[in-house]
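I have placed the structure first, in the form of structure tokens, so that the comments after it can refer back to it.
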There are 2 protein chains.
Amino acid sequence: MSAIEFRDHDHAACMRSTMQAAEAQCTARGLRLTPVRRRALEILLAEHRALGAYDLLAHLSAEGLGTQPPVAYRALDFLVKAGLAHKIEALNAYVGCVQPGADHAPAFLICRGCRSVAEAETTPSQSRLGDAARAAGFRIERSVVEAEGLCPACQKDDI
Amino acid sequence: MSAIEFRDHDHAACMRSTMQAAEAQCTARGLRLTPVRRRALEILLAEHRALGAYDLLAHLSAEGLGTQPPVAYRALDFLVKAGLAHKIEALNAYVGCVQPGADHAPAFLICRGCRSVAEAETTPSQSRLGDAARAAGFRIERSVVEAEGLCPACQKDDI
DNA sequence: TCAGTCATGTTATATCATATCAATACGAAA
DNA sequence: TTTCGTATTGATATGATATAACATGACTGA
Ligand SMILES: [Zn+2]
Ligand SMILES: [Zn+2]
Ligand SMILES: [Zn+2]
Ligand SMILES: [Zn+2]
């Protein structure tokens, strides 16, 4: 589980298996992966990069799947709620989930060079933040953990 | 250091000492805490809450300190760069720093009930995310750690 | 005093996101 | 199969967040 996103890999196979897992999830949970939603997910998964809602909309629009912002935001909303995509808060952008189904608390490594995003796991409750929360009597419902920096490839290109 | 923000405390004294620390920082580092910037910081510190840029602008504007968005964004940019305020990415909002000067990697506890924000410390390098980053050869430059949930007071009010 | 830099004023615009209502498609129940 | 309720999509408008660009003014140090 160490950041396949930054490594060379058979991405065609990577996409296929991820889409299959996403479909399985939807079937199992009675969710409808409609054409727009499915295509939106494929677009997000096409590269391990964060895409803005309007970038996604441009792709969808080019394929005749809708032209107005709500089209993109509805698809993203569905995918995020279904755990098939994640929002990167630091970028106001979205990325396809590479382990759909795992009911996870993801953390992200975000390259500021190429905008690639790798997904890791967190355990908020075991973190120092978890300690602080307990001490303060704060009940954590959701956590955002995002690290920005440079991926191995972009480090070689210097800045 | 356990989340004074959620507890009853002498907030007038809290603000005074924080402002003094902020001034000391600016003096020491040759930064200019101009009237707009100073007032912006006071407004952010007035409550331990995240404030949107336009909320801040409304306050400043009411006091004759500027009417256009760049006024607020410039002040916020200065304060954030100086470490006197922080941006809460999950809210697109800003909060005054209660430990200015400490060159820290802050983490936040954000109440969805009252929008209060408490600041804690992280140690990204010691986290599981740090492990994942090292394993992937990713160089972390900045980290965003934000936990949303309910503060003690808002838990009592149920949902 | 003058040049250089930092800060502010002002206008315009870019970018991200949602409210609302109408029309349609779908699936379960009768 | 028809009917009804709900989920989805289409379309228009608007709200919310953020920055570009350029002019003007203030402070600083030669
Ligand atoms: Zn891949
Ligand atoms: Zn990169
Ligand atoms: Zn206080
Ligand atoms: Zn609260």
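All figures in this text were calculated on a predicted structure; none of them were measured in a lab. Sequence lines set the chain letters: A, B, ... in the order given, protein chains first and strands last, and positions in each chain run from 1. What you see below is based on every heavy atom in this structure, not just the backbone, and it leaves out hydrogens, waters and symmetry mates.
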For this session: Check the distance between D:dA11's P and A:Leu57's CG and give it to me in whole angstrom.
Result: 13 Å
For this session: Mind calculating the distance between CD1 (A:Ile88) and P (C:dC16) to the nearest angstrom?
Result: 14 Å
Exercise. Would you call the rings of A:His9 and A:His48 parallel, tilted or perpendicular if under 30° counts as parallel and over 60° as perpendicular?
Worked result: tilted
Exercise. Can you tell me how far the OG1 atom of A:Thr67 sits from the CG atom of A:Leu57, to the nearest 0.5 Å?
Worked result: 7.0 Å
For this session: Round to a whole Å and report the spacing from CD of A:Glu89 to P of C:dC16.
Result: 13 Å
Seminar exercise, completed: The contact string for nucleotides 17-30 of chain D, one letter per nucleotide 5' to 3', using protein heavy atoms under 4.0 Å with B, S and - for base, sugar-phosphate only and none, comes out as BBBBB-----S---
For this session: Output yes when at least one side-chain N/O atom of B:Thr34 is less than 4.0 Å from OP1 or OP2 of C:dT8, else no.
Result: yes
For this session: Whole angstrom is fine here: how far is it from CD in A:Gln68 over to P in C:dC21?
Result: 18 Å
Seminar exercise, completed: Rounded to whole Å, CG of B:Asp77 lies from P of C:dT8 at a distance of 12 Å
Exercise. A:Phe78 CZ to C:dT18 P: how many Å, rounded?
Worked result: 17 Å
Exercise. Do A:Arg112 and B:Glu141 sit within salt-bridge range, that is, some charged N less than 4.0 Å from a carboxylate O?
Worked result: yes
Exercise. Within the distance-only criterion (no hydrogens, no angle test), does the side chain of B:Arg49 pair as donor or acceptor with the backbone N or O of B:Val95 below 3.5 angstrom?
Worked result: no
For this session: Starting at atom CG of A:Leu76, determine the distance to atom P of C:dA17, rounded to an integer number of angstrom.
Result: 9 Å
For this session: State plainly whether the residues B:Asp131 and B:Arg134 are in salt-bridge range, i.e. N to O under 4.0 Å.
Result: yes
For this session: Check the distance between C:dT15's P and A:Leu56's CG and give it to me in whole angstrom.
Result: 16 Å
Exercise. Is a donor on one side and an acceptor on the other found under 3.5 Å between the side chain of A:Arg37 and the backbone of A:Arg32?
Worked result: yes
